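Input: a single structure, listed below in structure tokens.
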Amino acid sequence: MSHHNLRLVGYIRTGDTHVTADEQRKMITDHCEKYGHHLVGFTHVDMEKPQYGLPEALAALQEDDGIIAMDLDRFVRHPEDRLLDLRPLIQQFMHSGKVLVTVKEGIETRSAAGQQRVNDFLSEWFDRDNVTMHATSDRATHQ
């Protein structure tokens, strides 16, 4: 269930994606219009370092309801660090009464269904990463 009339800060990062900042901005704007959210502005980081724009976006949460991004990977420095980077961030949202929204995955952490969805994504990534790690480890052992 999607909550309406949320005041959201758009978070854009172009590192590790073929989607331009303008394309991300449009996706976020369209999503907010579709679901009746108020987009208060954007933070933009045009590097592969999410920590540069994230503090600005998190600081805006004192006055706004949450952050919206194209996908969860916008908050991750390296794909192999997904769980390490995302778990504390998602926990912060779940316990603060603020919301994290992603367009691509359809996540909204304010609802129980949205929290379950993000947990499912983290579990899927954990399982996939473990299979990859074990396969790599097995290949190295047999060489």
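What you see is a predicted model; the values in this text were computed from it and never measured.
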Flag side-chain contact, heavy atom, 4.5 Å: Val99 against Leu8: yes
Qualifying salt bridge (charged side-chain N to carboxylate O under 4.0 Å, His left out) pairs with a residue from residues 19-32, counting only residues at least two apart or across chains: Asp22-Arg25, Lys26-Asp30
Shared hydrophobic cluster, Leu86 / Tyr11 (ILVMFWY, side-chain heavy atoms < 4.5 Å): yes
Phe42 vs Thr29 side-chain heavy atoms within contact, under 4.5 Å: yes
Nearest-0.5 Å distance that lies between atom NE2 in His38 and atom CG in Asp64: 7.5 Å
For His37 against Asn5, the heavy-atom pair lying closest together: ND1-N, 3.9 Å
Between Glu105 and Thr102, a side-chain donor and acceptor under 3.5 Å: yes
Separation between CD of Glu33 and CD1 of Ile28, rounded to the nearest 0.5 Å: 12.5 Å
Transitive ILVMFWY side-chain link Leu72 to Leu89, under 4.5 Å: yes
Side-chain touch Val101/His31, heavy atoms, less than 4.5 angstrom: yes
Side-chain touch Ile67/Thr43, heavy atoms, less than 4.5 angstrom: no
Shared hydrophobic cluster, Val40 / Leu6 (ILVMFWY, side-chain heavy atoms < 4.5 Å): no
Under 3.5 Å: donor-acceptor pair, side chain of Arg13, backbone of Arg74: yes
Backbone N/O of Thr109 and side chain of Lys98: donor-acceptor pair under 3.5 Å: no
Gln24 side, atom CD; Met70 side, atom CE - distance, nearest 0.5 Å: 4.5 Å
Note, Lys104 side chain near Asp73 side chain (heavy atom, < 4.5 Å): no
Cluster check Phe75, Met94: I/L/V/M/F/W/Y, side chain < 4.5 angstrom: yes
Minimum heavy-atom distance between Thr14 and Ala21, given as atom pair plus value: CG2-N, 3.5 Å
CZ-CD1 distance between Arg117 and Ile107, expressed to the nearest 0.5 angstrom: 6.5 Å
Note, Leu61 side chain near Ser96 side chain (heavy atom, < 4.5 Å): no
Salt bridge (charged side-chain N to carboxylate O under 4.0 Å, His left out) involving Asp65 - partner list, sequence neighbours excluded: none
Shortest non-hydrogen separation from Gly10 to Leu39 and the atoms involved: N-CD1, 3.6 Å
